[in-house]
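Below is one structure; the comments refer to it alone.
Predicted model only: the values in this text are computed from it and were never measured.
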Amino acid sequence: QGCLARLPLPLTFCRRFRAAAVATMRTSWSLAIAVLLGPNAAAAQVPKAFIGGPKVQAAYEKFLGVWRDKYEPNNGAVPEVADMLLPEAVRQSEPIVIKSEGGAAGGVVSEGIGYALMVEGIMAADGDPDALQYGLAFTRTWLGMVHGEGLEVEAGGDGTEASAIFADVWPYGVSAVRSGAGSQLGPSGLAMWKYPSSLCQNEGGCHGSAADADADAILGMIYLCAALQYPQDFVDMVIRAIVSFASADLGFPDLYRTLPDGTKLFVPKGGSDWGGVLPDSGTFHTSQDAWCYSPGYFAPGHYRVMRAFAADNWQPAFDEYLPAYMAGGSTTLDDLTAAFDGAVTAGYNILYYSSCASGSTSNWVGVKAECQDPAALHCPGVPWATTPYVGKDGHCTASGTSFGAYGAEASRTPWRIAMDFSMYPEWATQVPIYDRAGNLDTSINFNAQVYLNRFAHQYQANTVPVSDPKKLWKAWDGDWGAPDIECEGVPYKGVANWWAALMSYPTMVGFIAPLNGMADWQAGQWTDALVGLCDLSTMVGKFCDTSYFGAGQEVISLMVLSGKVQKGGPPPRADAFIGEAVAISTAGAPLRGSLAPGVVDRGSDLTMAASSAAAFFAFVALAAIVARGRSGRGDPHFASYLTVEGAVQ
């Protein structure tokens, strides 16, 4: 009652109390729906993510501190944005940055800002007040990187505003969206990948966005929006960023391939102007190696969260933010959400063909699916027909890391897939896999859990759970006989190896997915052994990496492993529980746009009595639907969405 009355109780306590109440309701929902839908539903088991113990939690807190110590004032490295152009919650914050070190980076890169926004956003939604302030400061930084250094909006364009805000000006897609009539908010969207732009040696300086950073940043801003209780101006800003991501980084609405069964695939690009299935000629040609793709950029959980946020927060006024088809005609919210569905399907299939039984994954692979008209944006095609190669035997790269080898670019794949599993286990374990010709192959069992299990099995089969790097390394050292580091999907030996913290820490998250025959206490032994490689009291050694690249992978991997990325994703709107939709689970069918089966509003201020009444009402409505054989509004691979209003009708 104190939480409901908004008494000054700890925010984390109230959220955890609500989560416990919701868990009780989920159990009763599941039993009730099992009765309605029969024994198959009752037998369905949703895997539960393993959460590391005290040693993992302590390691996360330590590396979070290491990461935050890298934050510094902007001091002109990134463009500033006037207060009046910002959401109200952001105006009191001063922009801060985190500078990268070495490699293709240097300066302030969107990758680091994206990591920081994601970490701080997730922590802010969990009740960390410091994280909220850091997150808002980085939001201001991001919006400055979207606007650019001059008078015209830069975003992911070529330096001209038209290339950023119009889909039909190269590069294809809208990378920034201006606010609607009557609003003073500035543009929102994707950030140019590096500042100051003069650090790039090419003519005109740096241009274009980086899709991995864009996804991380937007995910963080969604969590921040939840922590702020969804203020309208912040929602508006996030919606425009989501539309920009779908358009410029996924290719919505015109850059896609269609499988024989009609499934429309949006292959995630490397950035606004390169990669994916962008053609190598014509008006919208790629700016880098054609048909190039990085599995390490694939972030299915992020895409689901963006999809859910759009569906749950859409307003008629937002329709004007959607880009039109090149051939003419408006797009809709349904078209937008379908693009995210298509990106999830495409990414998991490409991952299947570009990874090994150990979990190792290629830095860069080919996704060549050229149209008969080489300049066309869409046509029938199978992007993974020749993966990992570009065509028969071609290679590609975009960051200096090796093609077809397990290395720094691919090292991020485990925690990106683990985030999907942590937030949406029902959907992350239901992935349609197609053969090389694009036909559905039900004999292939591959999904987030299968992929993550590969890492746990690689350790279990080849070494022992002790904090000795010389022993643990044997699981990943081909010279010691460790199997499956290279394979058909990863044909070449990588330069980076497990001894680098940026490579080893992401492998730890494989243990969050239950492995058949491994109890939680055994998974705990392994994770304790792995985090024990770093002596937190001294922070000395290879596995206590405090560099930009090392610390980034350490803090994100440990954030996932310590359970900070909760089931269901960000807490939904407090008013989204009744009258909008009741999110329940029908043998894996989410209601409305949440893509989070079984998730009932964690942030609702309804009492349990009101919740029970709503549950009873929805149960009766569901029973009527089942009896009449109605299925709601279907999606190709994500079952149906049913509103309470629709159920009554």
Given 3.5 Å as the limit, does a donor-acceptor pair link the side chain of [X] with the main chain of [Y], or not?
X	Y	result
Thr463	Tyr459	no
Lys70	Thr546	yes
Thr401	Thr397	no
Ser183	Leu185	yes
Tyr451	Gly510	no
Asp233	Glu88	yes
Glu154	His147	no
Gln553	Arg412	no
Asn363	Ala405	yes
Ser355	Gly359	no

Start with the C-alpha distance between Glu149 and Ser197, add both sets of side-chain angles, then the distance that settles side chain to side chain donor-acceptor pair (under 3.5 Å), and finish with yes or no.
-> CA-CA 8 Å; Glu149 296 165 324; Ser197 63; 2.6 Å; yes
By side chain to side chain donor-acceptor pair (under 3.5 Å) - contacts of [X] (at least two apart):
X	answer
Gln232	Gln315
Gln57	Lys564
Asp420	Arg304, Tyr348

Minimum heavy-atom separation for [X] and [Y], please, with both atom names.
X	Y	answer
Cys544	Asp535	SG-N, 3.6 Å
Tyr195	Gly144	OH-O, 4.2 Å
Val344	Phe298	O-CZ, 3.6 Å
Gly532	Ser467	CA-OG, 3.5 Å
Gly189	Ser244	CA-OG, 3.5 Å
Pro231	Cys225	CD-O, 4.1 Å

Test item: side-chain donor near acceptor, Asn74 and Glu94, under 3.5 Å | no
Got a sec, which residues hit salt bridge (Lys or Arg N to Asp or Glu O under 4.0 Å) with [X], two or more places apart in sequence or on another chain?
X	value
Lys471	none
Arg240	Asp236
Asp83	Arg140
Glu120	Arg68

Decide side-chain contact (heavy atoms from CB on, under 4.5 Å) for Ile122 and Met419; before the verdict, give the C-alpha distance in whole Å, the side-chain angles of both, and the deciding distance to 0.1 Å.
-> CA-CA 11 Å; Ile122 289 171; Met419 290 184 73; 3.9 Å; yes
Partners of Phe63 by ring pair (Phe, Tyr, Trp, His ring centres under 6.0 Å), sequence neighbours excluded?
-> Tyr505
Sequence-distant partners of Tyr321, ring pair (Phe, Tyr, Trp, His ring centres under 6.0 Å), two or more places apart = Phe318
Got a salt bridge between Glu554 and Lys62, using NZ or NE/NH1/NH2 to carboxylate O under 4.0 Å?
-> no
Do NZ/NE/NH1/NH2 and the carboxylate oxygens of Lys194 and Glu111 come within less than 4.0 Å?
-> no
Not counting sequence neighbours, which residues clear side-chain contact (heavy atoms from CB on, under 4.5 Å) with Ala116? List them please.
-> Trp67, Tyr71, Phe138
Can you name the residues that form a side-chain contact (heavy atoms from CB on, under 4.5 Å) with Ser110, not counting sequence neighbours?
-> Trp142, Met145, Ala191, Trp193, Ala210, Ala213
Going by heavy atoms in the side chains, are [X] and [Y] under 4.5 Å from each other?
X	Y	answer
Pro95	Val78	no
Leu351	Ile417	yes
Trp415	Leu561	no
Pro514	Phe421	yes
Phe309	Ile218	no
Leu143	Thr139	yes
Pro469	Trp498	yes
Tyr134	Asp128	no

Begin from the C-alpha positions of Met306 and Leu219 and carry the test side-chain contact (heavy atoms from CB on, under 4.5 Å) through to its verdict.
-> CA-CA 7 Å; Met306 290 187 219; Leu219 179 71; 5.8 Å; no
Just how far is it from atom [atom1] of [X] to atom [atom2] of [Y], taken to the nearest 0.5 Å?
X	Y	atom1	atom2	result
His302	Ile242	NE2	CD1	12.5 Å
Glu409	Ser399	CD	OG	3.5 Å
Ser504	Phe543	OG	CZ	5.0 Å
Ser360	Arg454	OG	CZ	8.5 Å
Gln133	Gln92	CD	CD	9.5 Å
Met518	Asn453	CE	CG	9.0 Å

Give the intermediate values and the outcome of side-chain contact (heavy atoms from CB on, under 4.5 Å) for residues Leu64 and Leu558.
-> CA-CA 9 Å; Leu64 178 60; Leu558 292 168; over 6 Å; no
Between Tyr293 and Tyr297, does the ring centre distance come in under 6.0 Å?
-> no
Does the ring center of Tyr303 lie less than 6.0 Å from the ring center of Phe245?
-> yes
Which residue pairs pass the disulfide (SG to SG under 2.5 Å) test with at least one member in residues 53-95, sequence neighbours excluded?
-> none
Pick from Val509, Leu530, Thr507: which one makes a side chain to side chain contact (heavy atoms under 4.5 Å, CB included) with Ser557?
-> Val509
Does the pair Asn313 and Val238 meet the rule for a side-chain contact (heavy atoms from CB on, under 4.5 Å), with working shown?
-> CA-CA 10 Å; Asn313 294 278; Val238 173; over 6 Å; no
